[in-house]
Amino acid sequence: MTPKIARFLVEQQPATPCLVLDLDRVEANFRAIRNALPLAQIYYAVKANPARPVLERLVRLDSRFDAAGFEEIAACLAVGARPDAISFGNTIKKAIAIRRAHAAGVTLYAFDSAEELEKLAANAPGARVYCRILVGNEGADWPLSRKFGTSVAMAKELMLRAGELGLDPYGLSFHVGSQQTTPRAYELAIGKVAMLFTDLTEAGVNLRMMNLGGGFPTRYRDAVPEIDRFGDAIMAAMTGHFGNALPEMLIEPGRSVVGDAGLVEAEVVLVSRRDRDDPVRWVYLDIGRFGGLAETEGEAIKYRITTPHDGTELGPVSIAGPTCDGADIMYERSNYRLPLALRTGDRVELLSAGAYVSTYASQGFNGFAPLAEHYL
Ligand SMILES: *Cc1c(COP(=O)(O)O)cnc(C)c1O
């Protein structure tokens, strides 16, 4: 928790649940990423937290933006981002969204299939396009599975086809999975994609760019490697493959920019036991899976939790949300332990909740309002 957030919580006692985020920490994170990879252009992945104050701060730092839909593009333009600093990075786009982006001056688009390429040629003629390659997501706590990306062989055909369609075959991309905790994952992915890059260049395609995606981790319950370790691994792999002829490098960090800049302030609604002798207490908070904590699915993301009784004796707990849905359980198997003194009405903090929380909150399921947000 940053001093600014601590002061806000004491002085304002905001109604819970709410997200409180320190924009200075966003800036510090952005600068740390830029220092770790000074040769890369940073395209902030807007979906991690699209709040206007976050985008405004990042525009001031000359960030570029990775957007998933036209609404995100519009949000970036509204805070003064230049259209040529926006990448339309979703490989699954409606034709109308492509047309609108093209009309707004966006010139850079992702794809991973023949049909999407045809759509781009029809609705954003002449655009710079990059093909997303499917790479391993091992080591990622929130993998992106096989939903995106194509094989090296098909990517080669598609990039050759892009030129025939009048598009500019600009580069290749990958994503090693979100909350990726092993720098080695980037080395392996770069190895795979760099070979295709060289292959296409030799086939006469004027490729200029490698997009290394996002995935850089933020600290939750367990420690993660520093951003510099990822920067070093990436630069070693890139120079290993390209020597002095490095292509333009893009990265699309989301979680690592905003994650540890924010926390969720929540209240304990109930502490109960299934049986008098059951050692495990159930702790129900006023936020759960439907209030924004979607990444607790499968107990994938494990938030650090602080309470007013920290430092006193702990006991095992299961932790759940306040709705009447049986899926609204955050942690049952991850060995969470909270103070035995914890009671109804206590305020608790879920740390590093600045990414992938506010926009995951439901629109009034069970009558619970969407998550309140405070940007400091
Ligand atoms: C979600 C996403 C990102 C951001 O990933 P993080 O793990 O939050 O850094 C980057 N690029 C693309 C294409 C994405 O879909």
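Numbering of ligands and ligand atoms starts at 1, following listing order. Side-chain atoms are counted along with the backbone in the values below, which use heavy atoms only and exclude waters and symmetry mates.
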Exercise. In terms of atom number and element, which parts of ligand 1 are under 4.0 angstrom from non-hydrogen atoms of Arg132?
Worked result: 13 (C)
Seminar exercise, completed: closest protein heavy atom to atom 11 (N) of ligand 1 is Glu252 OE1, 2.6 Å
Problem set entry | atom 5 (O) of ligand 1: the protein heavy-atom neighbour that sits closest, reported with distance to 0.1 Å | His175 NE2, 3.0 Å
Exercise. Got more than 12 heavy atoms from elsewhere within 6.0 Å of CD, Glu164?
Worked result: yes
Problem set entry | Over 12 non-hydrogen atoms of neighbours within 6.0 angstrom of CG in Asp275 | yes
Exercise. Among Arg289, Arg255, Lys302, whose salt bridge (Lys or Arg N to Asp or Glu O under 4.0 Å) with Glu295 holds?
Worked result: Arg255
For this session: Salt-bridge test for Glu226 and Arg229: reply yes if a basic N is under 4.0 Å from a carboxylate O, no otherwise.
Result: no
For this session: Do me a favour and list the nearest non-hydrogen protein atom to atom 6 (P) of ligand 1 with residue, atom name and distance?
Result: Gly215 N, 3.4 Å
Problem set entry | Plane angle bin for Phe230 and Tyr186 - parallel if under 30°, tilted between 30 and 60°, otherwise perpendicular | perpendicular
Problem set entry | Gly213 N/O to ligand 1 N/O under 3.5 Å | no
Exercise. Quick one: nearest non-hydrogen protein atom to atom 15 (O) of ligand 1, plus distance?
Worked result: Lys47 NZ, 2.8 Å
For this session: Considering heavy atoms of the protein only, find what lies nearest to atom 7 (O) of ligand 1 and give residue, atom and distance to 0.1 Å.
Result: Ser178 OG, 2.4 Å
Problem set entry | Mode of Leu144 contact toward ligand 1 - side chain, backbone, both, neither (heavy atoms, under 4.0 Å) | neither
Exercise. Any idea how Tyr336 and Tyr331 line up, ring-wise: parallel (<30°), tilted (30 to 60°), or perpendicular (>60°)?
Worked result: parallel
Exercise. With a 4.0 Å cut-off on heavy atoms, is Gln180 touching ligand 1?
Worked result: no
Seminar exercise, completed: With heavy atoms and a 4.0 Å threshold, my read on which part of Tyr356 contacts ligand 1 is side chain
Seminar exercise, completed: Counting from 1 in the order shown, the ligand 1 atoms closer than 4.0 Å to a non-hydrogen atom of Pro253 are 9 (O)
Exercise. What residue among Arg25, Arg304, Arg219 forms salt bridge (Lys or Arg N to Asp or Glu O under 4.0 Å) with Asp260?
Worked result: Arg25
